[in-house]
Amino acid sequence: MSMPQRTTISRSRSTYIDTRGKRAVNTPEFTGAVGLSYDDGTFFGNFGLNYIGKRYTTFMNDQDIPGYLTSDITLGYRLHNVRIDKFMVYKPQFQLNFMNIGNNLYYAQAASFTPTAKGVRAANGQWIAAGQPGYNIGGGFAMSGALTVGF
């Protein structure tokens, strides 16, 4: 006995468009990350490289956001325990974080989606006009720091 073929459809303006075989919107084709860490108890640091692949921003997969690459670095230093008056400060630590060190400019994600960027005929014959999705821009280079202590 054979199973009936399923049809995936998206609803748009009281009709349907056929999206069989299309990739889900805002879903990367590939993601990857590589990291390298160092910690000798006093000095510590890490480096991270992240890749997010191409993502479609329309249900018909006729417009996409290109993939992008970002990298981050953390550097830090741990001091020995310190007594300040009557208080003992345990493991004071300084840390600097550098995000998107290459200052890559990229579309981080689609903020809104549209059925199609080129126009398409719906299941009932109605013409679905082209539309443009909205996009969020990724953050540029940023730096932050922290001082942490235990009591």
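Since the structure is predicted, the reported quantities are computational estimates derived from the model, not experimental observations.
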Problem set entry | Met99 and Ile101, any side-chain heavy atoms less than 4.5 Å apart | no
Exercise. Same hydrophobic cluster for Ile73 and Leu69, using side-chain heavy-atom links shorter than 4.5 Å among ILVMFWY?
Worked result: yes
Problem set entry | Residue Phe98 excluded, over 12 heavy atoms near CZ under 6.0 Å | yes
For this session: Kindly indicate whether the side chain of Tyr56, heavy atoms from C-beta on, has any atom under 4.5 Å from the side chain of Gln63.
Result: no
For this session: Check the side chains of Tyr38 and Asp40 for a donor-acceptor pair under 3.5 angstrom, ignoring hydrogens and angles.
Result: yes
Exercise. CZ of Phe44 to CG of Leu75: how many Å apart, nearest 0.5 Å?
Worked result: 8.5 Å
Problem set entry | Side-chain heavy-atom pair His80, Lys91 within 4.5 angstrom cut-off | no
Exercise. Does the Thr19 side chain pair with the main chain of Lys22, one donor and one acceptor, at a distance under 3.5 Å?
Worked result: no
Exercise. Could you state the interatomic distance from CE (Met143) to CG (Asn97), rounded to the nearest 0.5 Å?
Worked result: 9.5 Å
Problem set entry | Atom pair CG/CD1 of Asn124 and Ile17 - distance to nearest 0.5 Å | 11.5 Å
Seminar exercise, completed: Hits for side chain to side chain contact (heavy atoms under 4.5 Å, CB included) against Gln109, two or more places apart or cross-chain, chain-then-number order -> Asn26, Arg55, Asn136
For this session: Would you please name every residue forming a side chain to side chain contact (heavy atoms under 4.5 Å, CB included) with Thr116, sequence neighbours left out?
Result: Met60, Asp62, Lys118, Val120, Ile128
Problem set entry | Pairing residues for Phe141 by the ring-ring contact (aromatic ring centres under 6.0 Å, His included) criterion, not counting sequence neighbours | none
Problem set entry | Side-chain touch Asp72/Phe47, heavy atoms, less than 4.5 angstrom | no
Problem set entry | Residues in side chain to side chain donor-acceptor pair (under 3.5 Å) contact with Asn50, at least two apart in sequence or another chain | none
Exercise. Using the ring of each side chain (for Trp, its six-membered ring), is Tyr68 parallel, tilted or perpendicular to Tyr106, with breaks at 30° and 60°?
Worked result: parallel
Exercise. What closest approach, in Å, do Pro133 and Ser112 show between heavy atoms, and which atom pair accounts for it?
Worked result: CB-O, 3.1 Å
Exercise. Between CG of Leu49 and OG of Ser71, what distance do you get to the nearest 0.5 Å?
Worked result: 6.0 Å
For this session: Using side chain to side chain contact (heavy atoms under 4.5 Å, CB included) as the criterion, list what pairs up with Thr27, not counting sequence neighbours.
Result: Arg23, Ala24
Exercise. Quick one: does Asn81's side chain have a donor or acceptor within less than 3.5 Å of a partner on Met88's backbone?
Worked result: no
For this session: Could you check if a side-chain atom of Gln93 sits within less than 4.5 angstrom of a side-chain atom of Tyr77, using non-hydrogen atoms only?
Result: no
For this session: Examine the side chains of Thr31 and Tyr51 and answer whether a donor and an acceptor come within less than 3.5 Å of each other.
Result: no
Seminar exercise, completed: Thr114 and Gly131 have their tightest heavy-atom pair at OG1-O, 3.6 Å
Exercise. Side-chain donor-acceptor pair under 3.5 Å between Thr70 and Asn104, yes or no?
Worked result: no
Problem set entry | Nearest heavy atoms of Ile52 and Pro28, plus distance in Å | CG2-CG, 3.9 Å
For this session: Would you kindly confirm whether Leu79 and Val149 end up in one hydrophobic cluster when ILVMFWY residues are joined by side chain heavy atoms under 4.5 Å apart?
Result: no
Exercise. Is the shortest heavy-atom distance from the side chain of Pro92 to the side chain of Arg78 under 4.5 Å?
Worked result: no
For this session: Any chance you could measure Asn46, atom CG, to Leu36, atom CG, to the nearest 0.5 Å?
Result: 8.5 Å
Exercise. Who pairs with Val25 by side chain to side chain contact (heavy atoms under 4.5 Å, CB included), at least two apart in sequence or on another chain?
Worked result: Phe59, Phe113
